[in-house]
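Counting convention: from 1, in listed order, for ligands and their atoms alike. We use all heavy atoms of the structure for the numbers below, so side chains are in, but hydrogens, waters and symmetry mates are not.
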Amino acid sequence: MEEQVPSLGSGVESAVARAMARVLPEQAGADPLVRPSERADLQSNAALAAARTARTAPARLAGSLAEALREDRTAPIARVEVAGPGFLNVTLTDAALWHQVAARAADPRLGIGTPERGRRTVIDYSGPNIAKEMHVGHLRTTIIGDSLARILGFLGGEVVRQSHVGDWGTQFGMLIQYLDEHPDARWHQADLAADTDAVSALDQLYRAARALFEADADFADRARRRVVALQAGDPPTVATWRTIVAESETAFGRLYDRLGVLLTPADYAGESTYNDQLAGVAAELEAAGVARLSEGALCVFDPAFTGPDGAPVPLLVRKSDGGYGYDTTDLATIRHRLRDLRADRLLYVVDARQSLHFAQVFAAARAAGWLPDTVEAVHVAFGTVLGPDGRPFKTRSGGTVRLAELLDAAVTRARAVVAEKNPGLPAAELDRIAEQAGIGSVKYADLSTARIKDYAFDLDRMVSLSGNTGVYLQYAHARIRSLLRRAAEQGLAPDPAAVDGTVAPAGAERRLVLLLDRYAGALSDTVAGYEPHRLCGYLYSLAKAYTEFYETCPVLAAGTDAQRANRLVLSALAADTLRGGLDLLGIAAPDRL
Ligand code: ARG
């Protein structure tokens with residue numbers, strides 16, 4: 001991690017570790033337990049934990065550690081005090097604080113290292129279904145998956161994106177047959193009015209085909225034969241299937257562009273890509289004794305997975321009619337991602353309601369020897385998006401809510417908020433900023449909720465300028481940019497080399513520096529549990545800390561030139577950290593709002 005600027009926290013950790021090695025050598029490797037502190041800059045709880053193990057009095061041990069820390073000339077520490085039963089309250093030197101600000105501000109990566117280097121993560125996310133419109137149910141997987149992909153990539157990891165598109169199954173027989181019998185149906189993008197989407201046209205066809213399938217037994221028969229033709233590779237059937245897939249993927253791509261999601265066509269690895277691997281998957285599982293025949297079907301019975309009646313819930317590898325389903329395809333994804341994509345880690349960003357499926361698939365893959373213990377496989381599960389009334393989100397008529405529609409509604413609300421805040425904006429700029437604020441507010445509302453929780457889709461709250469919202473963070477960022485523009489008009493530019501370590505920082509200034517120092521920690525916390533809401537929480541604290549600083553510490557009108565120079569760099573670092581963090585969430589940070 002050569003480019004990382006070590007955090008002040010880790011500087012104190014090393015100092016506490018050195019002190020421990022001197023005072024109580026048998027505890028030398030213990031965790032220094034350095035945390036933010038209410039009373040000082042940082043605190044270490046090491047003495048409490050170590051005293052318990054060593055059976056000595058914590059206060060005495062803390063006293064000896066404090067003594068050793070005071071003698072340590074290399075530590076960035078100005079004062080150490082023992083508090084309570086044996087906490088070590090640490091005040092950092094002003095020089096160390098300012099050095100930290102200057103070093104991070106001078107680094108294009110803001111001091112963040114690359115702890116993920118050398119690790120390849122395959123991340124499965126979005127996975128919408130062909131010939132259907134993306135709906136609110138696809139929001140979370142797309143947004144959370146994309147943010148995790150960005151963060152892992154930024155931390156130096158190699159990220160392989162995979163969208164497990166639903167592009168196979170009996171519904172295609174129905175759709176292709178219907179299209180054949182209704183040559184006038186308009187669904188190609190080229191035939192549609194500019195503002196209609198091929199996918200919504202396909203979606204309507206899908207409903208029509210489904211209705212006919214249910215009402216007309218002869219049509220249903222023809223549709224079933226069409227599935228067989230598709231599976232057998234009948235050229236005209238496959239050709240129609242391909243156009244349907246291509247039209248859908250183009251429409252997904254447009255939505256991804258609008259959302260600022262990184263998925264590209266190269267990342268689509270739909271269910272159909274595994275077709276010719278499924279028989280091999282089944283054969284290997286059977287040969288390994290992991291799966292066995294039961295009433296003609298090939299199943300995995302794992303005693304770890306039982307239903308409410310205590311009977312094992314089987315994983316269905318091959319149906320009794322010889323067909324394969326969702327379980328088998330996901331077994332194939334694991335085998336492929338290990339053998340061919342050489343993953344070191346597998347993430348599946350999928351609805352929590354699929355947790356049994358993934359637990360079973362992972363267990364079978366481990367039993368088959370495809371998934372070694374050294375490779376982590378995680379179902380990155382998330383809760384449901386609820387309507388404003390707290391019930392599952394549906395349209396008034398009870399249908400699914402289209403994602404495109406939700407985004408439009410958010411942008412409309414955001415436009416009103418931005419226009420009110422900033423009445424002088426030219427129309428084109430208002431459009432652009434409203435789009436960024438509207439999309440950002442939807443993404444942020446999703447990402448800032450603890451992943452596993454359900455949340456209510458409440459547009460008014462999402463676009464609010466106050467509280468833990470995307471717009472609030474974008475506004476906090478834009479306000480700093482505006483300050484820096486005013487500085488530039490006076491010929492003042494933030495210059496990390498000009499930071500003066502002898503300036504005593506004010507209270508709010510000190511808190512801001514300490515918070516900026518925690519950026520790397522916030523990112524590693526986020527990755528530890530694959531929880532973007534940790535990064536959101538950090539950015540929100542940072543924006544609040546900057547506001548407190550801004551209200552109490554004049555920048556352009558600072559008391560001395562040195563103070564002003566320091567505050568300019570501090571402001572620029574705060575803006576860059578907000579922008580960098582928002583970018584890792586996939587959210588734009590406009591310069592004006
Ligand atoms: N297409 C599926 C759905 O809409 C999601 C696929 C998730 N990924 C996976 N490997 N199963 O529910």
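- Annotation: ring pair (Phe, Tyr, Trp, His ring centres under 6.0 Å) contacts involving residues 315-334, sequence neighbours excluded, comprise Tyr326-His357.
- Near ligand 1, heavy-atom contacts under 4.0 Å come from Asp124, Gly127, Asn129, His138, His164, Tyr326, Asp330, Tyr348, Val350, Gln354, Phe358.
- Every pair tested for ring pair (Phe, Tyr, Trp, His ring centres under 6.0 Å) that includes a residue from residues 290-323 fails, sequence neighbours excluded, so the list is empty.
- The ring of Tyr540 has its center closer than 6.0 angstrom to the ring center of Tyr472.
- The salt bridge (charged side-chain N to carboxylate O under 4.0 Å, His left out) search around Arg161 returns none, not counting sequence neighbours.
- One N or O on the side chain of Thr141 and one on the backbone of Val349 form a donor-acceptor pair closer than 3.5 Å.
- The backbone N or O of Ile112 lies less than 3.5 Å from a partner atom in the side chain of Arg109, making a donor-acceptor pair.
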